[in-house]
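To start, the structure under review is shown below, and the notes come after it.
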2 protein chains.
Amino acid sequence: MSPTKEDYLKILFELGGRTEQVPNKEIANRLSISPPTVTEMMNSLVKAGWVVYTPYKGSKLTQEGTDYAKKLIRKHRLWEVFLVKHLGFNINEVHPEAELLEHSTSAELADRLEAYLEFPEYCPHGGAISTELMEEQEVSTVHLTEAVLGEPVRISRIVDEDKLLQYFENHDLRIGDRVTVTGRDSGLDLLTLNHGTTDKEIQISQTIAQYLFVEHI
Amino acid sequence: MSPTKEDYLKILFELGGRTEQVPNKEIANRLSISPPTVTEMMNSLVKAGWVVYTPYKGSKLTQEGTDYAKKLIRKHRLWEVFLVKHLGFNINEVHPEAELLEHSTSAELADRLEAYLEFPEYCPHGGAISTELMEEQEVSTVHLTEAVLGEPVRISRIVDEDKLLQYFENHDLRIGDRVTVTGRDSGLDLLTLNHGTTDKEIQISQTIAQYLFVEHI
DNA sequence: TTTTAAATTTAGGGTAACCTAAATAACAAC
DNA sequence: GTTGTTATTTAGGTTACCCTAAATTTAAAA
Ligand SMILES: [Mn+2]
Ligand SMILES: [Mn+2]
Ligand SMILES: [Mn+2]
Ligand SMILES: [Mn+2]
């Protein structure tokens with residue numbers, strides 16, 4: 001498996017390809033490549049048994065594809081923990097580094113690293129590391145966009161993609177922060193929040209708010 | 001730069017391409033690829049400014065190529081130290097892992113890792129990590145084949161290549177061991193050693209003994 | 001100095017992973 | 001249900017990195 005193919009599997013997983021058909025365009029957008037390239041790659045991933053692909057509809061991961069993706073995500077997140085906890089990297093710097101390291105990590109190395117880090121449960125962006133916690137996180141967490149108006153919640157996870165991390169950092173939204181959704185305007189795609197710590201009002205895009213997960217307090 | 005190209009630069013450095021012209025065949029052997037592929041790659045490395053290539057003669061690294069190779073080797077050795085010292089890997093297992101990790105390591109990551117490891121001087125195979133020490137090691141170390149008969153020496157470095165590490169491990173020769181060359185037969189390509197610790201007699205190939213470096217005690 | 005052997009290059013191919021432009025299919029709107 | 005928009009596929013092309021077979025150059029031997 002090439003790093004390229006591995007990244008396709010990971011993106012597929014992150015876009016819900018474990019349970020739903022993911023359209024080519026979403027993959028093309030996320031990886032910043034052209035749609036024909038995605039078509040080609042999907043055929044290749046089907047041939048290798050990682051993906052089930054329905055032309056014009058989209059792709060789903062097979063069980064093997066799902067397992068492979070989970071292993072990659074675990075490696076990615078373990079490196080992020082190491083980089084932050086031991087090497088003193090800033091939370092917003094580690095994602096691109098882990099995006100590379102994940103492809104150069106044997107199962108043996110991942111296991112030893114995990115033990116060295118004393119079996120951390122979450123990456124610095126709130127993503128679960130163990131398979132069990134990953135499953136649990138899928139069902140238990142709520143998108144910020146689904147939070148009840150007026151009810152305070154705590155930010156538990158940020159989908160880690162360089163530009164997203166930048167966006168939320170710019171709006172002073174970080175893992176662990178308490179926020180309360182005070183308003184929603186679907187027409188304008190706006191979400192208004194009250195930040196629990198600073199008591200300031202924050203406005204963010206509803207579309208982008210989908211990449212923030214929260215839990216009830 | 002691709003991992004592939006990076007490995008070519010590293011091999012070139014290891015084969016003495018900093019000072020001498022390295023024939024294509026040596027590179028082909030070391031990387032287990034065909035000679036035409038090497039020719040092609042050398043032309044590409046010339047175009048990128050890493051190498052000076054004389055057709056039918058061989059390749060030398062430019063200053064930029066040399067610097068690049070040294071950076072890669074430093075990253076490689078830092079990872080080896082980390083894997084052995086912190087993750088508990090066996091000395092003979094870390095080379096293949098580092099061979100991958102070196103290509104996924106930013107300058108920032110290498111610097112932080114080096115500080116975290118408290119600026120180690122040598123990798124587990126005795127290779128120098130800092131640029132200065134690398135230079136010094138070039139001139140100060142002696143091939144085992146050049147050791148004076150009857151004079152005890154200490155093994156200071158093993159050229160790290162999977163099969164070589166295996167070979168020396170199989171013959172109970174390790175970094176730090178004291179040995180004395182007791183006999184040489186160039187016709188039979190044999191070198192006889194007395195192992196300082198066990199007092200046993202060891203026979204190894206002279207050709208392969210070139211990959212062992214020693215220092216006088 | 002011719003002959004032979006070894007190293008190298010040239011020629012011709014192959015696959016992976018990308019691209020653009022054009023054709024087609026699916027879906028929504030009128 | 002025709003029309004228009006968007007997503008997708010097909011067609012054709014590029015670069016990187018690998019190959020084998022054949023031609024060529026260099027170096028060694030006779
Ligand atoms: Mn990440
Ligand atoms: Mn990646
Ligand atoms: Mn090594
Ligand atoms: Mn390598």
Side-chain angles (χ1 to χ4, degrees), chain A residues 1-12 15-17 20-61 65 68-69 72 99-100 102-104 186-187 189 207, chain B residues 1-12 15-17 20-61 65 68-69 72 99-100 102-104 186-187 189 207:
Chain A
M1 281 287 280
S2 65
T4 304
K5 279 206 170 68
E6 292 189 338
D7 278 338
Y8 275 90
L9 287 189
K10 251 187 34 179
I11 292 291
L12 217 34
L15 293 175
E20 290 155 48
Q21 282 186 329
V22 180
N24 283 359
K25 209 210 164 193
E26 279 189 45
I27 302 168
N29 284 344
R30 199 62 167 275
L31 288 173
S32 298
I33 53 175
S34 73
T37 303
V38 177
T39 306
E40 188 179 59
M41 182 58 79
M42 287 309 133
N43 286 319
S44 163
L45 290 175
V46 164
K47 202 155 65 181
W50 305 117
V51 154
V52 175
Y53 178 52
T54 314
Y56 291 103
K57 297 295 180 180
S59 314
K60 282 175 86 165
L61 289 165
Y68 200 122
L72 285 167
E99 201 57 53
L100 296 180
E102 62 190 4
H103 309 291
S104 309
S186 293
D189 190 43
T207 311
Chain B
M1 280 288 279
S2 67
T4 305
K5 280 206 169 71
E6 291 189 338
D7 278 337
Y8 274 90
L9 288 189
K10 251 186 36 177
I11 292 291
L12 218 34
L15 293 175
E20 290 155 48
Q21 282 185 329
V22 180
N24 283 358
K25 209 210 164 193
E26 280 189 44
I27 302 168
N29 284 345
R30 200 63 167 275
L31 289 173
S32 298
I33 53 176
S34 73
T37 304
V38 178
T39 306
E40 188 179 59
M41 183 58 80
M42 287 309 133
N43 286 319
S44 162
L45 291 175
V46 165
K47 202 156 63 180
W50 304 117
V51 154
V52 175
Y53 178 53
T54 314
Y56 291 103
K57 297 296 179 178
S59 314
K60 283 176 84 165
L61 289 165
Y68 200 121
L72 285 167
E99 200 58 53
L100 296 180
E102 64 190 3
H103 309 291
S104 309
S186 292
D189 190 42
T207 310

- Message: If you define the side chain from C-beta out and look only at heavy atoms, does anything of Ile11(B) sit under 4.5 Å from Glu26(B)?
- Response: no
- Message: So His103(B) and Lys10(B), do their side chains get closer than 4.5 Å, heavy atoms only?
- Response: no
- Item | ring-ring contact (aromatic ring centres under 6.0 Å, His included) partners for Tyr68(A), two or more places apart | Trp50(A)
- Message: If you assign Pro23(B) and Pro55(A) each to the DNA chain C nucleotide with the nearest heavy atom, which residue ends up on the more 5' nucleotide?
- Response: Pro23(B)
- Nucleic acid contacts - residues 39-51 of chain B versus DNA chain C, non-hydrogen atoms under 4.0 Å: Thr39(B)
- Look at all strands and tell whether Thr4(A) reaches a base, only sugar-phosphate, or nothing, counting heavy atoms closer than 4.0 Å. sugar-phosphate
- Task: Find which nucleotide of DNA chain C each of Lys57(A) and Pro35(A) is nearest to by heavy atoms, and output the residue with the more 5' nucleotide.
- Result: Pro35(A)
- Counted 5' to 3', the first and last nucleotides of DNA chain D within 4.0 Å (strictly under) of a heavy-atom of chain B are dC17(D) to dA27(D)
- Task: Return the set of residues passing salt bridge (Lys or Arg N to Asp or Glu O under 4.0 Å) with Glu6(A) (not counting sequence neighbours), or none when no residue passes.
- Result: none
With a 3.5 Å cut-off and sequence neighbours excluded, list the donor-acceptor pairs that the side chains of residues 35-45 of chain B form with protein atoms.
from, atom 1, to, atom 2, distance (Å)
Thr37(B), OG1, Ser34(B), OG, 2.9
Thr39(B), OG1, Asn24(B), ND2, 3.4
Thr39(B), OG1, Pro35(B), O, 3.3
Asn43(B), ND2, Thr39(B), O, 3.2
Ser44(B), OG, Lys5(B), NZ, 3.3

- Message: How many whole angstroms separate atom OH of Tyr56(A) from atom P of dC27(C)?
- Response: 11 Å
- Minimal heavy-atom distance between Leu9(B) and Met1(B), with the atoms involved, is CD1-CE, 3.6 Å
- Among Val52(B), Val51(B), Leu15(B), whose side chain to side chain contact (heavy atoms under 4.5 Å, CB included) with Ser59(B) holds? Val51(B)
- Taking side-chain contact (heavy atoms from CB on, under 4.5 Å) as the test, write out the residues that go with Lys57(B), two or more places apart. Gln21(B), Thr54(B)
